[in-house]
Asker: 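Mind looking over this structure? Questions follow.
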Number of protein chains: 2
Amino acid sequence: MAGLRERKKQRTRDALVRTAHELFVAQGYERTTIDEIAAAVDVSQRTFFRYFASKEEVAFALLRTVEERFFTAVRERPADEAPLQVLGNALGTAWNHIGDAIQEVVPLEVYMRMWRVIETTPALVAAHLRHSTEQEERLAAEIARRAGVDPEHDPRPRVLVAAFAGVLQLAGRRWAAGRDITVEGARRVFREHLDRFGPALAEDWRPAGGSGEDTPACRG
Amino acid sequence: MAGLRERKKQRTRDALVRTAHELFVAQGYERTTIDEIAAAVDVSQRTFFRYFASKEEVAFALLRTVEERFFTAVRERPADEAPLQVLGNALGTAWNHIGDAIQEVVPLEVYMRMWRVIETTPALVAAHLRHSTEQEERLAAEIARRAGVDPEHDPRPRVLVAAFAGVLQLAGRRWAAGRDITVEGARRVFREHLDRFGPALAEDWRPAGGSGEDTPACRG
DNA sequence: TCGAAAGTGTCAGTCGCTGACACTAGGCTC
DNA sequence: GAGCCTAGTGTCAGCGACTGACACTTTCGA
C-alpha cells in the first residue's frame with residue numbers, strides 16, 4: 001500500500017474531480033469557476049493547477065480513465081481475434097471494471113450527466129473532438145499492428161475505428177439521454193448499437209497483407 | 001456605395017484581420033496578444049472585441065469568407081447536377097473570386113501560411129474541428145435537399161461531405177506546404193485531389209428516393 | 001441645423017493560468 | 001527519536017482574454 005503522502009494526494013485529486021463534476025453538472029461548466037471548486041475542496045487555486053493543467057482537464061478526467069481502461073483491454077485481447085471483435089470484446093470486458101472505477105469518485109448518475117454538459121458546452125465539444133481524433137489515430141495504429149497491416153496505406157483500420165468511435169459516441173449520447181443509470185444499462189445500450197454493424201468491417205484482414213489499396217473494405 | 005461610416009468600419013475590420021494574420025504568421029498565435037494587434041491598428045482593445053468576439057474569431061476570419069463563397073456557389077449550381085459534381089464545380093467557380101477576395105485583405109502568401117499556424121496551434125485545431133463538423137452538417141443538409149433524399153435516414157450525403165471535406169483538408173495542407181502560392185496553383189492542387197474520388201460517390205442519387213437505407217453508397 | 005444613434009476610448013473588474021518564494025509535513029537516515 | 005531532505009502547499013503578484021458601464025465624438029437623417 002502506498003504511503004500517507006500518496007494516499008493524501010489521491011484523495012485530494014478525487015475530491016477535486018468529484019467536486020468539479022458536481023458543480024459542472026449542477027450549474028454548468030462556464031458558470032463554475034476554479035476558485036469555486038478549490039474553495040469547496042478547501043485547497044488553494046494554485047493547488048488545483050498542480051493537479052490539472054487546465055479547467056478542461058478536470059472535466060475530462062473520468063472520460064480519460066475510462067478510455068485508458070478500454071485501451072488496456074484492447075491490448076490484452078487474443079492475437080487471433082478479428083478487428084471488430086477486438087473492439088467489441090474489449091469494450092465488454094472494460095465495462096466490468098469501469099463502473100466501479102467511476103463510482104469510486106462520483107455516482108454514476110453524475111458521470112452520465114457530465115456527458116450532456118460536454119456535449120452542450122462549445123469549448124468542451126471542441127476539446128473533445130480534438131482529443132478524439134488523436135485517440136482514434138492511436139487506436140487505429142494498434143488495430144493495424146494487431147492485424148499486421150500497414151496503417152499508412154491500408155485505410156481499413158482508420159475506417160473501422162472511425163465507424164466504431166461514431167457508434168460509441170451515439171450510444172453514449174443515447175445512454176445519457178435515457179433513464180437507465182446502471183452499468184448494465186450502459187453495457188446493453190453499447191452492445192445494441194455495436195450489433196448494428198454489417199459484416200464488412202468484421203472480416204479478418206490478414207489475407208489482405210500490407211497493401212490494402214488492392215482490397216479496401218469499402219469501395220463503390 | 002455605402003456611407004462613410006460603413007467604409008470606415010470595413011477599413012478597420014480589414015486592418016485588424018490583416019495585422020492579426022501578419023502577426024500570427026510571423027510570431028505565432030499564442031505569442032501574439034490582442035493588445036499588440038489593437039496597438040498596431042491604433043484602436044483600443046475594447047474596439048477589437050467589438051469586431052471579433054474572440055481571438056480565435058479573427059484567426060478564422062478569412063477562412064469563413066472563403067467558406068461562405070463556396071456555400072453560395074453550391075446553392076447556385078443547376079438542380080440536375082450529381083452531388084459530387086455540385087461540390088467540385090462549386091469549388092471551381094468559387095475559386096474565381098476567392099483569390100481576389102483574400103488579396104483585398106492580405107497577400108495570398110500570408111493566407112497560405114495561416115493554414116500551417118492553425119494546424120500547429122492546439123486551440124485552433126480544436127476550434128477548427130468543431131466548426132468543421134458544423135459546416136459539414138450544413139453542407140450535407142444542402143446536398144440532401146438538392147438530391148431530394150432524407151438526410152436523417154440516408155447516410156450518403158454525410159458520407160460524401162465527410163469524404164469531400166477530408167480531401168479538401170488534405171489538399172489545403174499540401175498546397176500550404178508547397179511552393180506555388182498562386183491561385184491557379186491552389187485550384188490545380190484541389191482539382192487533382194478531387195479527381196481521385198472513385199465513381200461511387202459521384203453517382204446520381206435521385207432514383208434512390210427518400211429511404212436511402214435500401215441503396216447506400218457504401219456497404220460491404 | 002440639430003438631435004438620435006452608431007462607434008470608440010477609458011476604466012475597472014472577472015476569470016483562467018503561471019512563476020517565484022516561503023512554509024509545512026511526510027519520509028528517510030543515523 | 002532527532003534531524004535532514006524534499007514533495008506538496010499557500011500566498012502573492014502578474015499576464016492575457018474578455019466584459020460591462022459610461023462618457024465622448026462622429027456620422028447621418030429629419
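Chain letters run A, B, ... following the sequence lines, proteins first and then strands; every chain starts at 1.
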Asker: In this structure, how many angstroms lie between the C1' atom of C:dG26 and the CZ atom of A:Arg11, rounded?
Answerer: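 In whole Å, C:dG26 C1' lies 13 Å from A:Arg11 CZ.
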Asker: If we ignore angles and hydrogens, is there a donor and acceptor under 3.5 Å between the side chains of B:His193 and B:Arg174?
Answerer: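 Present: a donor and an acceptor within the cut-off.
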Asker: Are any side-chain N or O atoms of A:Trp175 and backbone N or O atoms of A:Asp180, one a donor and one an acceptor, separated by less than 3.5 Å?
Answerer: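 Such a contact is found between A:Trp175 side chain and A:Asp180 backbone.
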Asker: Nearest-Å distance, CG (A:Asp35) to P (C:dG16)?
Answerer: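 Answer to the nearest Å: 7 Å.
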Asker: Once you round it to whole Å, what is the distance between P of C:dG16 and CD of A:Glu57?
Answerer: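 Atom CD in A:Glu57 sits about 15 Å away from atom P in C:dG16.
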Asker: Looking at A:Ile37, A:Thr121, A:Val110, which one forms a side chain to side chain contact (heavy atoms under 4.5 Å, CB included) with A:Phe24?
Answerer: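 For A:Phe24, the side chain to side chain contact (heavy atoms under 4.5 Å, CB included) check succeeds only for A:Ile37.
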Asker: Heavy atom of residues 12-22 of chain A under 4.0 Å from DNA chain D: which residues?
Answerer: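 Contacting residues: none.
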Asker: Take the protein atom CZ of A:Phe49 and the nucleotide atom C1' of C:dA20, then report the distance between them rounded to whole Å.
Answerer: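 Roughly 17 Å, once rounded to whole Å.
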Asker: Take the protein atom CZ of B:Arg50 and the nucleotide atom P of C:dT10, then report the distance between them rounded to whole Å.
Answerer: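 Rounded to the whole Å, the gap is 11 Å.
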Asker: Among C:dC17, D:dA17, D:dT11, which is the nearest nucleotide to the side chain of A:Ser44?
Answerer: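 Closest nucleotide among those given: D:dT11.
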Asker: Students often get this wrong, so: under 4.0 angstrom with heavy atoms, is A:Tyr51 touching a base, only sugar-phosphate, or nothing?
Answerer: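 Here A:Tyr51 touches the backbone only, sparing every base.
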Asker: Quick check on C:dG9: is either OP1 or OP2 less than 4.0 Å from any side-chain nitrogen or oxygen of B:Thr47?
Answerer: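 For B:Thr47, the contact criterion (side-chain N or O under 4.0 Å from OP1 or OP2 of C:dG9) is met.
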Asker: Residues two or more places apart in sequence or in another chain: which of them pass side chain to side chain contact (heavy atoms under 4.5 Å, CB included) with B:Thr120?
Answerer: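 Only B:Arg116 meet the side chain to side chain contact (heavy atoms under 4.5 Å, CB included) criterion with B:Thr120.
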Asker: Step by step, would you call B:Thr65 with B:Glu68 a side-chain contact (heavy atoms from CB on, under 4.5 Å)?
Answerer: CA-CA 5 Å; B:Thr65 310; B:Glu68 284 313 310; 6.0 Å; no
Asker: Is there a donor-acceptor contact under 3.5 Å from the side chain of B:Tyr111 to the main chain of B:Gln103?
Answerer: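 The answer is no, because no donor-acceptor pair under 3.5 Å joins these two groups.
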Asker: When we call it a touch if two heavy atoms are under 4.0 Å apart, what does B:Thr33 touch: a base, just sugar-phosphate, or nothing?
Answerer: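 Result for B:Thr33 = sugar-phosphate.
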Asker: Side-chain donor or acceptor of A:Arg7 under 3.5 Å from a matching atom on the base of C:dG26?
Answerer: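 There is none.
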Asker: Under 4.0 Å between a side-chain N or O of B:Lys55 and OP1 or OP2 of D:dG16?
Answerer: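 Answer no for this pair, as no side-chain N or O of B:Lys55 is under 4.0 Å from OP1 or OP2.
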Asker: Okay, side chain of B:Arg187, backbone of B:Gly92: is any donor-acceptor separation there less than 3.5 Å?
Answerer: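 Flag set: sc B:Arg187 to bb B:Gly92 pair under 3.5 Å.
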Asker: Rounded off to whole Å, could you give me the CD-to-P distance for the A:Glu30 and D:dA17 pair?
Answerer: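 One finds 18 Å between P of D:dA17 and CD of A:Glu30, rounded.
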Asker: Is the side chain of B:Arg113 donor-acceptor paired with the backbone N or O of B:Glu22 at a distance under 3.5 Å, no angle test?
Answerer: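 Side chain of B:Arg113 to backbone of B:Glu22, a donor-acceptor pair under 3.5 Å: no, none is there.
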Asker: Take atom CZ of A:Phe24 and atom C1' of C:dG16, then tell me their distance rounded to the nearest Å.
Answerer: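 Atom-to-atom, A:Phe24 to C:dG16, this comes out as 12 Å.
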Asker: Starting at atom CZ of B:Phe48, determine the distance to atom P of D:dA17, rounded to an integer number of angstrom.
Answerer: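 Result: 9 Å.
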Asker: Angle between ring planes, A:Trp95 versus A:Phe190, binned at 30° and 60°: parallel, tilted or perpendicular?
Answerer: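 Geometry flag for A:Phe190 against A:Trp95: tilted rings.
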Asker: Tell whether B:Arg31 reaches the base of D:dG16 with its side chain through a donor-acceptor pair below 3.5 angstrom.
Answerer: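 No pair found.
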Asker: Could you tell me whether B:Glu192 and B:Arg188 have a side-chain N and a carboxylate O separated by less than 4.0 Å?
Answerer: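 The answer is yes: the pair qualifies as a salt bridge.
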Asker: Taking N or O atoms only and anything under 3.5 Å, show me the protein contacts with nucleotides 26-30 of chain D, one pair per line.
Answerer:
from   : atom 1 : to     : atom 2 : distance (Å)
D:dT27 : OP1    : B:Lys8 : NZ     : 3.1
D:dT27 : O2     : B:Arg5 : NH1    : 3.0
D:dC28 : OP1    : B:Leu4 : N      : 2.7
D:dC28 : OP1    : B:Arg5 : N      : 2.9

Asker: Check if the side chain of A:Arg46 and the base of D:dG8 share a donor-acceptor pair of N or O atoms closer than 3.5 Å.
Answerer: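 No such pair is found, so the answer is no.
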